[in-house]
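To keep things clear, I will list the structure first and then write my remarks on it.
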Amino acid sequence: MAIGERFTALLEARGVKQAALAAQYREHALKRGREFAQDTIESHISRLKKGEPVAVRFFFADLTDARDLLALLAVPEEERGAYVRDANALLSPEERPLRAVVDLSDSVQGRALVGLCDELADKIVLAIPERVALVVTEAQRQYLLPRCTPEGRVQVEIVANAEQGWVRTQKLAADGAVVVSARRFDPLFRWIAFQQSGQEVELEPSDGIVRCAMGKSIDDARVDVLRRRLEVLLSDVAPSQPPQELVMTPCALRWLLAALALGLPIKVQSRGYYDRTEVNVDEKTRAAWGKALNIGAVATEEQWGGALLARAMEVGVTVAASGGEGDLASHRARVVRGGSTPRAILVGGEVHLINASAELRTKMQGLHGVRFHDEEQRLSGFKRIEELVATTPWKAWLDDPYMDAAIERIDPDRKDRDELEFARASLLLHGKLHATEAPCSREWRATLTEILRSELPPVGVRVPPRLTVDGKVVTLLPEAESVRRSSQRGVELHGVPALAPPRIVRESPLHMLKRADQAINDYLWEQGCQERRFLLPTVSTMEDFDWLYLLFDSSPARVVPSRDKVIWWSANQKRHLLGLAWEKAPLPTPARFWHEADETLAALWMALRRAARHADATTLHDGTGMLEMGGGVLALIKVAHVRAAGDGRVEADFLREPRTVQGFDGREHRSMWSDELPGARPIASILQGISTRVAVTGHYKTRIMAEVPTQVFLAKGTARVTITFKATTWETFGEHPMRPEFGAAVAGVLHAEDDARRNDDDDD
């Protein structure tokens, strides 16, 4: 295509006004010391559109002028060669700009040059279609073969010696030509290193001549390369000469300079005791070599990112990590969920600073490859669960021991359900949740009396959420809860304990879940992940917030299983309980237990009614009621009111303590619940013995024991009552010996007062 047609189409495609283009071109020319009137430039633009030779000479006789014009019109570098070739077609050979200057003046002299002429012609002279200048000495000129000097394309410059040859080379290349020489030429990206190897010519870069002929840059330099200058981060590095093997030849020196300037990796030989290996040159060494060679050293992308991360860590970050875009998204999500800040995440050659502090922003602002992210934080699922437990009295959890209603209340839209359930399971499994006691009501006697007016309710029991049997962690669940969990995905969640003792009634027997001995391997992970929801943490991981959220983010509930996850699991299987499985076994409770528990509750009900109506009582400073039950037994009564009212029915539960005995099941000795053995007393697990009288004779001590419930839970409406029993120290004197006459006197006074009070009550 003719240059006029090509240039006209370019202006129309860009939508550029001639006046604006002329003004911009004039500014660029002034910077190079050339002054033109704007009218002159505008008129030549009009002539160039028509393809007139005078305009072509104006813009394309000097290659630097042509580059300015094409750069202003945003012509890609790989397309500029076509414009230059079309323009050169209208110029005489003498008018065309020099594309390359080949410096032969310090090469072989005399007849030895003949052997290189074919190589010079094929690799350099004939490969460049535009004008080329050869700088040779007088001793070389007569041996320069005609193939190297085709008429009209090659300009031969004859000098007296190599020194004059270098001066002439630099002058000829001043307008923007590429220099092919064994001597270093600046700027670097217009120098192609040239050296002889026997009868052959070696060039660095090896494709430099081809790129020059196509109008491309000699080296591929990305836009951001010059922004990774090491002097910005490492200003105190002293110069250091590189190893001789890296600079011993022109081509080696040219390669090293380009690697330093373009941020390419540089490897050097490391000599070990037994062998040699190649290692990458670090950023400090690159900076030192750059200062010694007088070139701005640029870090590799990885080194620049590493240096940025190191600087961020010096200022202070809570988390410093590297990874991909997915890891960055995960860290940002963790910060949103309440993760610690600031964080520095290295992705490729860029450092992403999440919620950076003011000091960190000051230190890192303006550096290439630094990205800032500001995330709005909210409380994490762990904090929300912990605050929920801390602000809800312990007695309220008796109505919601598995925290289901509470989580539904704080997350009604189910937006954070996975996170909250993961946090709940992790915290409960490791015993991290501790509910607080609510203030006790000082009107405990009236509340207790109101509850005791009701008919005797069916007995229930409360069992501990978890215990250890034979070194195994055991979770106790009512059958209804066990069945509900089995219907849901997440086998590792089946054995998560309750926060408060769950309630067992005769209609829903007890189940025991024990951690199974399970071989953990990749196959089990890959095959069983569909049945799991979360990768639950170990004890050590519970203290590491980021590991917790890494487990959460890697859970089957959030990611699709893949080979990468299998590899990750293999490397980190000791950090969580992914292989956790539970053996489930029913714990049958004989009907005799419930019958005897009913009788025990009835006896207690009558005793409490009588004591609440007739016995002495007092209230401690914390609101705990102390009620005399007779026989040296005191009842400690705590009454609290919860927000959620029941349906008005009365519930009465005993605490069923795990009492195990050693038995033989035909194969081995094992620990079993006491009421599993023939002849065992069923209600022993809800009673405890306390000594109400102590007699000391010589070295012997005799105790009179009373059997009382371990703990009793009563509920009606909003009232929640817990009752425990203890022996009065007034009767036992702390189990210290007392003088018989003193004890008899005190006992007589107490009994006389009791008889008088009862007579008065009977008269009323």
Side-chain angles (χ1 to χ4, degrees), residues 63 85 88 92-186 188 190-215 218 244-245 247-258:
L63 203 55
R85 284 192 295 273
N88 285 346
S92 64
E94 294 78 14
E95 291 175 323
R96 296 174 185 173
L98 279 173
R99 177 59 66 90
V101 179
V102 183
D103 174 29
L104 301 175
S105 60
D106 67 335
S107 182
V108 293
Q109 304 292 315
R111 183 176 294 276
L113 183 63
V114 174
L116 295 178
C117 282
D118 286 338
E119 283 277 299
L120 289 170
D122 293 336
K123 290 187 175 181
I124 301 175
V125 176
L126 299 179
I128 300 177
E130 284 81 22
R131 288 178 60 212
V132 177
L134 297 180
V135 180
V136 296
T137 62
E138 294 175 352
Q140 291 174 318
R141 176 66 184 91
Q142 57 183 325
Y143 296 104
L144 198 62
L145 298 182
R147 283 197 73 214
C148 293
T149 59
E151 186 177 353
R153 289 189 54 246
V154 175
Q155 171 182 335
V156 179
E157 299 285 333
I158 303 173
V159 295
N161 51 48
E163 289 74 13
Q164 290 184 12
W166 188 237
V167 173
R168 185 61 179 158
T169 298
Q170 291 176 303
K171 183 176 181 181
L172 289 169
D175 289 336
V178 172
V179 171
V180 183
S181 174
R183 290 178 279 201
R184 176 179 174 179
F185 177 78
D186 290 315
L188 172 68
R190 284 172 50 203
W191 174 40
I192 298 176
F194 160 83
Q195 68 185 40
Q196 298 168 231
S197 178
Q199 296 296 314
E200 294 184 357
V201 171
E202 292 184 8
L203 302 172
E204 176 61 38
S206 58
D207 63 342
I209 296 297
V210 175
R211 299 177 67 87
C212 177
M214 297 173 63
I218 302 302
Q244 183 60 30
E245 62 265 22
V247 294
M248 63 188 305
T249 64
C251 288
L253 175 62
R254 172 63 171 75
W255 179 88
L256 177 61
L257 292 172

For the pair Leu116 and Leu104, evaluate side-chain contact (heavy atoms from CB on, under 4.5 Å) and give the outcome as yes or no after the intermediate values. CA-CA 11 Å; Leu116 295 178; Leu104 301 175; over 6 Å; no
Who are the side chain to side chain contact (heavy atoms under 4.5 Å, CB included) partners of [X], not counting sequence neighbours?
{"X": "Ala112", "result": "Val108"}
{"X": "Glu163", "result": "Asn161"}
{"X": "Glu200", "result": "Glu119"}
{"X": "Val178", "result": "Ile192, Cys212, Ile218"}

Selection residues 138-149 - residue pairs positive for salt bridge (charged side-chain N to carboxylate O under 4.0 Å, His left out), sequence neighbours left out: Asp118-Arg147, Asp122-Arg147
Under 3.5 Å, side chain of Arg190 to main-chain N/O of Val179, donor-acceptor pair present? no
Any side-chain to backbone donor/acceptor pair from Trp166 onto Asp103? Under 3.5 Å, distance only. no
Got a sec, which residues hit salt bridge (Lys or Arg N to Asp or Glu O under 4.0 Å) with Glu157, two or more places apart in sequence or on another chain? Arg168
Looking only at non-hydrogen atoms, find the nearest pair between Cys251 and Glu202 and report the distance. SG-O, 3.8 Å
Just checking, any donor-acceptor pair under 3.5 angstrom between side chains of Ser107 and Gln196? yes
If you apply the rule side-chain contact (heavy atoms from CB on, under 4.5 Å), what do you find for Phe194 with Leu120, and how did you get there? CA-CA 10 Å; Phe194 160 83; Leu120 289 170; 3.9 Å; yes
